[in-house]
Amino acid sequence: MKTKKNIKSIAALFLCVILMLTAGCAKGTEKGQSAGTTSGKALAEMNDIPADGIITKEQFQSVAGKEQKIQFKGTTEDGITYVWTYDCAKIQNPEDQNLKIDFTQENLEEIKKQANDANDALQMAMHGKGVICVPTLEVTLPQSWESNAAYLVKEQDGKLAKMSDVTVTNDKESTTLVMTVTSLDGDCYVIGGVTEEQNKGADAANQSSKKKDGKEQSQETQEESENGTDSADADVSENAADENGENPAEENNDAGQDAGNDKKENGQKADAKDPGGDAADQEDTASASNTCTISISCATILDNMDNLKSSKAEFVPSDGWILAPTEVEFTEGESVHDVLQRVCKEAGIQMESSFTPAYNSAYVEGINNLYEFDCGELSGWMFSVNGWYPNYGCSKYTVNAGDEICWVYTCDLGKDVGDNSMY
């Protein structure tokens, strides 16, 4: 009898322990979940990039939509410093961002060769995926480059595709590179060269330093002296304008820049043929108020005709362009969806969209009678702005002056048009 009582007591005690442990686990789980929603340190205006490079979704949620900018700074063992700047007002769908970069300037001769024998090159190995908005990246190298202009490029199909222009600032002991970045995955390169204006400036500076018979000056030098400047100063000012991206049209092919744009088939190909032309066009567009450029392409279907529904073949133009890049006016506050609707209506292009409550945004189902799934189970319409594929809907993206809006038909969930955020 006593034994039975002892067994019952032990069983009761064991049950109590189990209940206590279960309650403790539940509390611990609840506590862990709570901590998970606020994981990572609170963000300041300037933040150090952690060892693993990851700024968490929860950290970005704390600043998303606010009228402020936050920065993240990293430093390498080689003395390279880099700073990311995010405009919080443009963050709508926060996600983790891996901001760590590994740099190298060695063994890049092949890249320089592809870039029309570029003077300088920098490889940047990134470890993330897509961006939640388009951040600015500033990289400071502990040595001076020869170049005064550069592009950010990426290898695609054996060629260099331009991602963005790069502003170059040199002094005697360092070089600072400033650019926008539309993807955090894989390797990309900054390729640099010397513009024609810089060469002219150097020649003019040398000539102005020479005295003719010890006294004579050229008429140009005399005029500049009367204005309180000399020819060298004037040329430096012109170069400064180039470095700030104000005169990109004056860059020439001798700069070693392989970042000319070949916009066919939805891509911007850097083919070492026209490094400055498209940059000049973009600059002119950016300077015009309330205008943007929009295009509509289904070129990817041309490589996937076997997957296309037979009834839809007649709607695919032979060159893939439903609407070639066209500059249009827009009203302040309009969205990408608004501009697409109006342009299609004016051009007589069929277009159908619907509102998706789950994303609180419009979803474009079809353009020119080409709909999602018409060319495979991974096909449909996507849009990019200035080379970035936003991670939110087209009716939530407010258009800015100078924006380049590209509507493209994908047959592979974005991979075939340059959006690698899903991979």
Side-chain angles (χ1 to χ4, degrees), residues 154 156-159 161-162 182 260-271 273-274 278 281 292-328 330 335-356 361-390 393-395 397 399 403-423:
K154 196 166 190 175
Q156 291 182 2
D157 300 325
K159 295 183 179 180
K162 177 182 173 183
T182 56
N261 288 347
D262 178 7
K263 294 181 180 178
K264 189 165 184 178
E265 296 188 34
N266 312 318
Q268 294 182 320
K269 300 294 183 181
D271 58 5
K273 300 295 184 184
D274 182 19
D278 287 338
D281 293 341
C292 65
T293 300
I294 185 170
S295 62
I296 307 172
S297 173
C298 62
T300 54
I301 296 179
L302 297 175
D303 295 325
N304 295 275
M305 293 297 290
D306 291 344
N307 296 327
L308 183 68
K309 294 178 180 178
S310 58
S311 60
K312 296 302 180 83
E314 63 179 299
F315 301 113
V316 181
S318 60
D319 62 356
W321 287 111
I322 295 172
L323 178 71
T326 304
E327 184 176 274
V328 298
F330 68 92
S335 68
V336 167
H337 182 253
D338 294 329
V339 174
L340 176 67
Q341 274 190 319
R342 184 174 63 258
V343 169
C344 285
K345 183 177 181 180
E346 293 174 354
I349 299 171
Q350 181 272 345
M351 177 257 182
E352 182 177 349
S353 63
S354 60
F355 185 78
T356 306
S361 175
Y363 174 71
V364 174
E365 299 174 357
I367 302 175
N368 202 44
N369 292 297
L370 296 170
Y371 283 74
E372 59 178 340
F373 312 132
D374 277 351
C375 196
E377 60 183 12
L378 301 179
S379 65
W381 287 100
M382 301 179 65
F383 77 100
S384 68
V385 182
N386 305 324
W388 175 51
Y389 288 87
C394 59
S395 63
Y397 192 105
V399 180
D403 277 349
E404 183 176 347
I405 304 166
C406 300
W407 281 94
V408 293
Y409 193 91
T410 176
C411 298
D412 193 16
L413 203 63
K415 191 175 182 179
D416 54 348
V417 293
D419 179 20
N420 297 312
S421 60
M422 299 292 292
Y423 300 89

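The basis for the numbers below is simple: all heavy atoms, side chains too, and nothing from hydrogens, waters or symmetry mates.
- Note that CD of Gln350 and CG of Asn369 are 4.0 Å apart. Values are rounded to the nearest 0.5 Å.
- Two residues are said to be in side-chain contact when any heavy atoms from C-beta on lie closer than 4.5 Å; Leu378 and Thr410 fail this criterion.
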Between Cys375 and Lys309, is a side-chain contact (heavy atoms from CB on, under 4.5 Å) present by the stated rule, with each step listed? CA-CA 6 Å; Cys375 196; Lys309 294 178 180 178; over 6 Å; no

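- Looking at heavy atoms from C-beta onward, Val417 lies in side-chain contact with Thr300 at the 4.5 angstrom threshold.
- Rounding to the nearest 0.5 Å places CG of Leu370 at 7.0 Å from CG of Leu308.
- By the side-chain contact (heavy atoms from CB on, under 4.5 Å) test, Glu365 is found to be paired with Glu352, Ser354, Tyr363, Tyr371, residues two or more places apart in sequence or in another chain being considered.
- Between Ile294 and Val336, every side-chain heavy-atom pair lies at or beyond the 4.5 Å cut-off.
- A donor-acceptor contact closer than 3.5 angstrom links the side chains of Ser361 and Ser395.
- Checking side-chain atoms of Asn368 against main-chain N and O of Phe315 turns up a donor-acceptor pair under 3.5 Å.
- Residues passing the side-chain contact (heavy atoms from CB on, under 4.5 Å) test with Ser384 are Tyr389, Cys406, sequence neighbours excluded.
- Looking only at side-chain heavy atoms (C-beta outward), Val399 and Ser335 stay at 4.5 Å or farther from each other.
- Between the side chains of Tyr409 and Ser379, a donor-acceptor pair is found at a separation under 3.5 Å.
- Rounding to the nearest 0.5 Å places CG of Leu323 at 11.0 Å from CD of Glu346.
- For the pair Cys394 and Leu340, the minimum side-chain heavy-atom distance is 4.5 Å or more.
- Interatomic distance, Asp319 CG to Leu302 CG, rounded to the nearest 0.5 Å: 8.0 Å.
- Between Trp407 and Phe383, the ring planes lie tilted relative to each other; the angle falls in the 30° to 60° range.
- A 4.5 Å side-chain heavy-atom check between Glu327 and Glu404 finds every atom pair outside the cut-off.
- In terms of modelled atom types and a separation under 3.5 Å, the side chain of Lys312 and the main chain of Asp374 share no donor-acceptor contact.
- Counting heavy atoms from C-beta outward, Val385 and Tyr397 have side chains that approach closer than 4.5 Å.
- No donor-acceptor distance shorter than 3.5 angstrom exists from the side chain of Glu372 to the backbone of Gly380, with no hydrogens or angles considered.
- A heavy-atom distance below 4.5 Å is found between the side chains of Thr293 and Pro325.
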